[in-house]
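Numbers restart at 1 for each chain; the letters A, B, ... are given by sequence-line order, proteins then strands. These numbers come from the heavy atoms of this one structure, side chains and all, not from hydrogens, waters or symmetry mates.
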Number of protein chains: 2
Amino acid sequence: MILSDITDIKQTPQRLAIIEYLELNRVHPSALDVYKAVSEKFPTMSFATVYNTLEKLKEKRLIIELSIDTGKKRFDCDTRPHHHLICVKCREIFDVFTEFILELPEDEFQGFDIIGNHVDFYGICKKCKDIEGLGSEQNKD
Amino acid sequence: MILSDITDIKQTPQRLAIIEYLELNRVHPSALDVYKAVSEKFPTMSFATVYNTLEKLKEKRLIIELSIDTGKKRFDCDTRPHHHLICVKCREIFDVFTEFILELPEDEFQGFDIIGNHVDFYGICKKCKDIEGLGSEQNKD
DNA sequence: TCCTAATTTAGAATCAATTTAAGTTGAGAA
DNA sequence: TTCTCAACTTAAATTGATTCTAAATTAGGA
């Protein structure tokens, strides 16, 4: 997402702050993350503004909405095609730019017109591994 | 999931009805779908029972919880490793049993211990294609 | 500068999911 | 058989994320 891409929507201070936050925090934040950070600059800002802005940016295809967490939307300001590496402990999401050739055999098509694919890799991130290692005697999952 | 796998939890009539529903409706239903269907048989059954049962079955690894829809959990009673084919219009989910070899190059590991992967294919299902075709003049997304 | 549609705001409403507390059930012990 | 206790079910309250609403404000073009 590039600021200059935002042409046909009004450039309000709140929106610019939200966009700046997304540009600088590429950890796939939730709406709450965005709200918390941006409302420090704009204490009167409401949640609706965050959601409205994120929705608008999504419409303009400047960000992508992720369904990786149930019960919570997360947003990705990198719209290049890519995959994800997700920590099953802390739910941090990392980007993966390797391309994979995924040919679905015809008999699995189920009558679909296929338009894309996405791979999620699951694992345990370095930080969570280290924490696990430390507490190995009184290990609780 | 097989009934006989359920050993160390009580086999109540409500639970058996929920399991039967999951066995017969492999469309990856939501908790609401399960509740709607099973409460026809047990009109006094509460939502909490559905959630408790689904949670318990998940713990026992007899079903899988999917995060494909934001804001709503969906459940898959097929615990064999497999991928999904998702209609971007109606959100129906189909199973894909083709196996893919997905080698993540070392420099993309980001310090993770990788434990698995999952592929989502996106497309438009036959039903939605047909509906689209019909209304091609007054086409609305 | 003026105008107007777009945007922001606080608060209410909604929806999915979880928690709570009270009542029920059923398998094993006495 | 009756007692007991833990597991289970239930309705209702609560939480958390999101959406809606209606009134006030504002960006950006005329």
* Between A/H84 and A/F121, is a ring-ring contact (aromatic ring centres under 6.0 Å, His included) present by the stated rule, with each step listed? -> CA-CA 6 Å; A/H84 288 124; A/F121 290 92; over 10 Å; no
So the contacted stretch of DNA chain D, first to last nucleotide with an atom under 4.0 Å from a non-hydrogen atom of chain A, runs from D/dA17 to D/dG28
Of B/F47 and B/T70, the one whose nearest nucleotide on DNA chain D sits closer to the 5' end is B/F47
5'-most to 3'-most nt of DNA chain C touching chain A (<4.0 Å, heavy-atom partner on protein side) reads C/dA5 to C/dA10
Describe the nucleic acid contact of [X] in one word from base, sugar-phosphate, nothing, applying a heavy-atom distance below 4.0 Å.
X     : result
B/T44 : sugar-phosphate
A/S46 : base
B/T49 : base

Of A/G71 and A/N52, the one whose nearest nucleotide on DNA chain C sits closer to the 5' end is A/N52
| query | Are A/F94 and B/F112 near enough that their ring centres are under 6.0 Å apart? | reply | yes
Aromatic contact, B/Y51 with B/F75 (centres under 6.0 Å): no
Judged by atom type as modelled, is there a donor-acceptor pair below 3.5 Å linking the side chain of B/T12 to the main-chain atoms of B/R15?
yes
Open item on the list: Tell me whether B/S39 contacts the main-chain N or O of B/F42 through its side chain, where contact means a donor paired with an acceptor under 3.5 Å.
Closed with: no
task = Inspect the surroundings of CD in B/E40 and state if more than 12 heavy atoms from other residues, nucleotides or ligands are less than 6.0 Å away.
result = no
Please report the C-alpha distance between A/H118 and A/H82 in whole Å, then the side-chain angles of each, then the deciding distance to 0.1 Å, and finally whether the side chain to side chain donor-acceptor pair (under 3.5 Å) criterion is met. CA-CA 7 Å; A/H118 179 88; A/H82 65 282; over 6 Å; no
Contacts of B/Y122 meeting ring-ring contact (aromatic ring centres under 6.0 Å, His included) (sequence neighbours excluded), chain-then-number -> none
